Amino acid sequence: MALTGRAALLAALGSLPVGIWEPSWTGILAVNAPLAVACACDFALAAPVRRLGLTRSGDTSVRLGDTADVTLTVTNPSRRPLRARLRDAWPPSSWQPGTEITASRHRLTVPPGERRRVTTRLSPTRRGDRQADRVTIRSYGPLGLFSRQGTHKAPWTVRVLPPFTSRKHLPSKLARLRELDGRTSVLTRGEGTEFDSLREYVPGDDTRSIDWRATARQTTVAVRTWRPERDRHILLVLDTGRTSAGRVGDAPRLDASMDAALLLAALASRAGDRVDLLAYDRKVRALVQGRTAGDVLPALVNAMATLEPELVETNARGLTATALRTSPRRSLIVLLTTLDAAPIEEGLLPVLSQLTQRHMVLLASVADPHISEMAKARGNVDAVYEAAAAAQAQSERHRTAEQLRHHGVTVVDATPDDLAPALADAYLALKAAGRL
């Protein structure tokens, strides 16, 4: 079998005579000189790296859990073909563990004066902006003995958006909304304050809905029907303080709160209500205002993408003052925060009346399902102590919720998987009761 390339060269060099016992300088040079010449030629024939042109294209945003493709176009302006290995470096959180090496390294050959594309597939593990680092290219000669190496900057940013896993609940909640709004055959009329129409009385209707003037003009009893009010204002307030950093399962509490806020925003915008967002701890981290129904969800997702929990105590007075400035008219203020006793009793309760006097307040909190599991534990001494600790934690949480309800606050306390639909149900219940 004939040898080619580097193998043939090394085989030929290996066949040259070499002194066995005491090689002389002449013998060494006789062997090394051809190898040195071959390496020098290989190096000279390798395409230069610094003159390469690099441009990017592809995805600029991706939902957490999905993949994004970023294409790198390499242009070779030299007269020598480019035979190269390329590493497209991104932050470690741009890939699932163990996939970075195969996803970021590429082989390519670019003829003189032409261009080629390579695609890097990202699978981010965290929200936020992922920025491309540097592109390292190693250009080889035809024999592969020597190479040139250099780095280039090819800026590109991919924004990793919240996953919005609760989207699967939206169809059922919209169906319930259509029932409240009277747009289906199941006319489940709420007790809202917007008059809708008159219809004939049927047994079981509330007698307070009878329209006596209309009844006097016809031979049957007429009743008024109502529909939930529209164009109400909802302010979603995300607490980004230290309590939002606590992990429940595999994600911080803040992520579950954002998912619940997105489902409520999607539902409320379909109901004709206006939705704004405020993220706050000791200063405003994000603010979305005045968006139309079609634009509000993309704006919220984009604003939430870069939010991270701050390891500081939330300033409840500052949060309240900012919320009041953001919502001068009567609104539904949805606080996505903790139900821990200390932050509520020392921070929120002293200033809560400022909110409840002018607005309706709904507080949603992420509960830890592990606490419920601990409360059921039995069988040994350690399990009993764990159950007692869990029962005490649950009791304090229930007591804090009752304090909030005593001040007129609607409280939703649910696990991460249940928080989003529970919050949507609370919103629909307020609509049905005519309180919103």
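In this chain, numbering begins with 1 at the start of the sequence shown. Computed from a predicted model, the values in this text were never measured in an experiment.
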**Asked** Would you find more than 12 non-hydrogen atoms of other residues, nucleotides or ligands less than 6.0 Å from R138 atom CZ?
**Response** no
**Message:** Is it true that T119 and H106 share a donor-acceptor pair across their side chains at a distance under 3.5 Å?
**Reply:** no
**Request:** List the steps, then state whether salt bridge (charged side-chain N to carboxylate O under 4.0 Å, His left out) holds for E386 with K376.
**Result:** CA-CA 9 Å; E386 287 184 358; K376 300 174 184 178; over 6 Å; no
**Asked** Is it the case that more than 12 heavy atoms not belonging to R117 sit under 6.0 Å from its CZ atom?
**Response** no
**Request:** Could you tell me whether the side chains of E100 and S104 share a donor-acceptor contact shorter than 3.5 Å?
**Result:** yes
**Item:** CZ/R247: more than 12 non-hydrogen atoms of other groups inside 6.0 Å
**Value:** yes
**Asked** Salt bridge check: are E313 and R242 linked by an N-O gap of less than 4.0 Å?
**Response** yes
**Side-chain ion pair, R56 and D88, N-O less than 4.0 Å** = yes
**N380 atom CG: more than 12 heavy-atom contacts under 6.0 Å** = yes
**Neighbour count above 12 (heavy atom, 6.0 Å) for R121 CZ** = no
**Prompt:** Do T314 and D281 meet the criterion of a side-chain donor-acceptor pair at a distance under 3.5 Å?
**Reply:** no
**Asked** Which residue, T243, T337, D239, forms the side-chain contact (heavy atoms from CB on, under 4.5 Å) with P343?
**Response** T243
**Message:** Test salt bridge (charged side-chain N to carboxylate O under 4.0 Å, His left out) on D273 and K431; report intermediate values, then the result.
**Reply:** CA-CA 11 Å; D273 292 333; K431 281 279 190 184; 2.9 Å; yes
**Salt-bridge contact R399-E402 (side-chain N to carboxylate O under 4.0 Å)** = no
**Request:** For residues S269 and A293, report the shortest heavy-atom separation together with the two atoms involved.
**Result:** O-CB, 3.9 Å
**Message:** Pair E308, R285 - check salt bridge (charged side-chain N to carboxylate O under 4.0 Å, His left out), show working.
**Reply:** CA-CA 9 Å; E308 294 293 343; R285 301 292 178 178; over 6 Å; no
**Request:** May I have the step-by-step check of salt bridge (charged side-chain N to carboxylate O under 4.0 Å, His left out) for D425 and R176, ending in yes or no?
**Result:** CA-CA 9 Å; D425 288 339; R176 173 60 178 157; over 6 Å; no
**Item:** A422 versus A414, closest heavy-atom pair with distance
**Value:** CB-CB, 4.3 Å
**Message:** Using the rule given for side chain to side chain contact (heavy atoms under 4.5 Å, CB included), can you reason through L267 versus L174, listing the C-alpha separation, both sets of side-chain angles and the distance that settles it, and then say yes or no?
**Reply:** CA-CA 7 Å; L267 180 62; L174 288 175; 3.8 Å; yes
**Request:** Answer with yes or no whether the side chains of R325 and T322 bring together a donor and an acceptor at under 3.5 Å.
**Result:** yes
**Asked** For the residue pair P298 and D295, what are the closest heavy atoms and their distance?
**Response** CD-O, 3.3 Å
**Asked** What are the two closest non-hydrogen atoms of V248 and A367, and how far apart are they?
**Response** CG1-O, 4.0 Å
**Prompt:** Is the count of non-hydrogen atoms from other residues, nucleotides or ligands lying under 6.0 Å from R330 atom CZ greater than 12?
**Reply:** yes
**Item:** Closest contact, heavy atoms only, H233 versus S327
**Value:** CE1-OG, 3.0 Å
**Message:** Please find the pair of heavy atoms, one from V288 and one from R291, that lie closest to each other, and give the distance.
**Reply:** CG1-CG, 3.8 Å
**Message:** Checking N76 against R115: is there a side-chain donor and acceptor pair closer than 3.5 Å?
**Reply:** no
**Asked** Cut-off 3.5 Å, side chains only: do T338 and D340 have a donor facing an acceptor?
**Response** yes
**Complete:** Which of D276, L277, I333, T320 passes side-chain contact (heavy atoms from CB on, under 4.5 Å) with V237? It is I333
